[in-house]
Amino acid sequence: MPGRLQNKVAIITGAAGGIGLESALLFASEGAHVVMADINMATLDSAVALVKQRSPEVGALAVKCDVSKEREVEELVKTAVTEFGRLDVMFNNAGIMHPDDDNALNTEERIWDLTMNINLKGVWFGCKHAIAAMRLNKPDPARGLQTGGSIINTASFVALMGAATPQLAYTASKGAVLAMTRELAMVHAREGIRLNSLCPGPLKTPLLMDFLNTTEKRERRMVHLPMGRFGEAIEQARAALFLASDESSYITGTDFKVDGGLSSCYVTAV
Ligand code: NAD
C-alpha cells in the first residue's frame, strides 16, 4: 500500500518537538521525505534520529533555521529542493508564546515584535519561498494528483475567540496568519497551490503547559473545554497530514479547526 504522502517532499518548521515532531513522524510513516527545521539543534537532532529509526525507507534531514530570518528560510527551501528534487508540502508550524506576552498595557514592544517576527513574518517567509519552489513542480502521476503543492500555516483557536487571559501579541499574530493564508490561497489557487490554516485548540505540549504552570491556570481553561481535556500533538499532526495529502485536494483557504469543539461552545456539559 503506498503511503498517503508517498514520494512527496515536506518541510516542517518547529519540528524538534510538539506538533512539528509528531507531524514529521507521521508524514515520514506515510512515505514523505521530511526536512525538519528548528532553532533548537540539540532537540532537533534527536527528533530526526527518531524519524530515521521509525521510517528508515524515507529521507529525513535536520536544518537549523530561525524562521524569522528570511535568508535562513530561503536556504531551508533550497536545501529541500537540492536534496530531494522538489517541494510538495510546507508546514509553517514554528511559533512561540512568550511568558511576558500580556494585555495592551503590560506587553512590551520587544515582546510584540519578537512574537510577530516568528509567528507571522516567519510564516510569510515560509509561504514566499515555498510558493516560488512549488511553481516549478511538474506534473508527476507517481506523486498523486497535485502539480503545485500544499502549504499549511499553524494559527490557533485564539485567532477566532477572545480570552480574558490575554496574550495580545500571540493572538494578534495568529489572527494575521488566518487573514494572510486566506488571501494567499486565493492568489495561488489557479496554480494548484493550496494554502490552509490549522487552528489547534489548547494542547498538552510544552508551549502551553509551560505557560499554564499551575493547577489553577489549567483548571481556569479546562472548564471551557467541551471534551473535558486538552488536545494532543498527534491529533494536530493527523489533521496536518490530511491537509498535506491529496485527500484534501479541493480544500483551500480554510481555517481548519482541530479544537475539540471549543470554538463552537457556549456552555460545556457537566
Ligand atoms: P512547541 O513549543 O512544542 O514546539 C514549537 C517548536 O518551534 C519548538 O521546537 C521551538 O524550538 C520551535 N521554534 C521556536 N521559535 C522558532 C524559530 N524562530 N524558528 C524555528 N523554530 C522555532 O509548540 P507546539 O505546541 O508544538 O506549537 C506548534 C505551533 O502550534 C505553534 O505555532 C503554536 O503557536 C501553535 N499552537 C499551539 C497550541 C498549543 O496549545 N500548544 C495551540 C494553538 C496553536
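In each ligand, atom 1 is the first atom listed, and ligand 1 is the first ligand listed. Fair warning: this is a prediction, and the values are worked out from it, not measured in the lab.
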Among all the protein's non-hydrogen atoms, which is closest to [atom], and how far away is it?
atom	value
atom 11 (O) of ligand 1	D38 OD1, 2.6 Å
atom 42 (C) of ligand 1	G201 O, 3.3 Å
atom 7 (O) of ligand 1	G14 CA, 3.4 Å
atom 26 (O) of ligand 1	I19 N, 2.8 Å
atom 1 (P) of ligand 1	L207 CB, 3.9 Å
atom 35 (C) of ligand 1	T154 CG2, 3.5 Å

Short N or O distance, N40 and ligand 1, threshold 3.5 Å exclusive: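 Looking only at distances, the answer is no, because the N/O contact criterion of under 3.5 Å is not met.
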Within 6.0 Å of CE in M209, more than 12 heavy atoms from elsewhere: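 Check passes, neighbour count above 12.
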Any T13 heavy atom less than 4.0 Å to ligand 1: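 No, that is not the case, since the closest heavy atom of the residue is not under 4.0 Å from the ligand.
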Which of the ligand 1 atoms, numbered from 1, are nearer than 4.0 Å to a heavy atom of P202: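 Answer, ordered by atom number: 40 (O).
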Atoms in ligand 1 with a heavy atom of C65 nearer than 4.0 Å: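 By the 4.0 Å cutoff, the relevant atoms are 19 (N), 20 (C).
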Exercise answer: donor-acceptor pairs, residues 231-242 side-chain atoms, under 3.5 Å, sequence neighbours excluded:
from, atom 1, to, atom 2, distance (Å)
E232, OE2, K204, NZ, 3.1
E235, OE1, R229, NH1, 3.1
E235, OE1, E232, N, 2.8
E235, OE2, R229, NH2, 2.7
Q236, NE2, V258, O, 2.9

Closest candidate by heavy atom, reference atom 36 (N) of ligand 1, pool Y170, F157, F91: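 Going through Y170, F157, F91 one by one, Y170 has the nearest heavy atom to atom 36 (N) of ligand 1.
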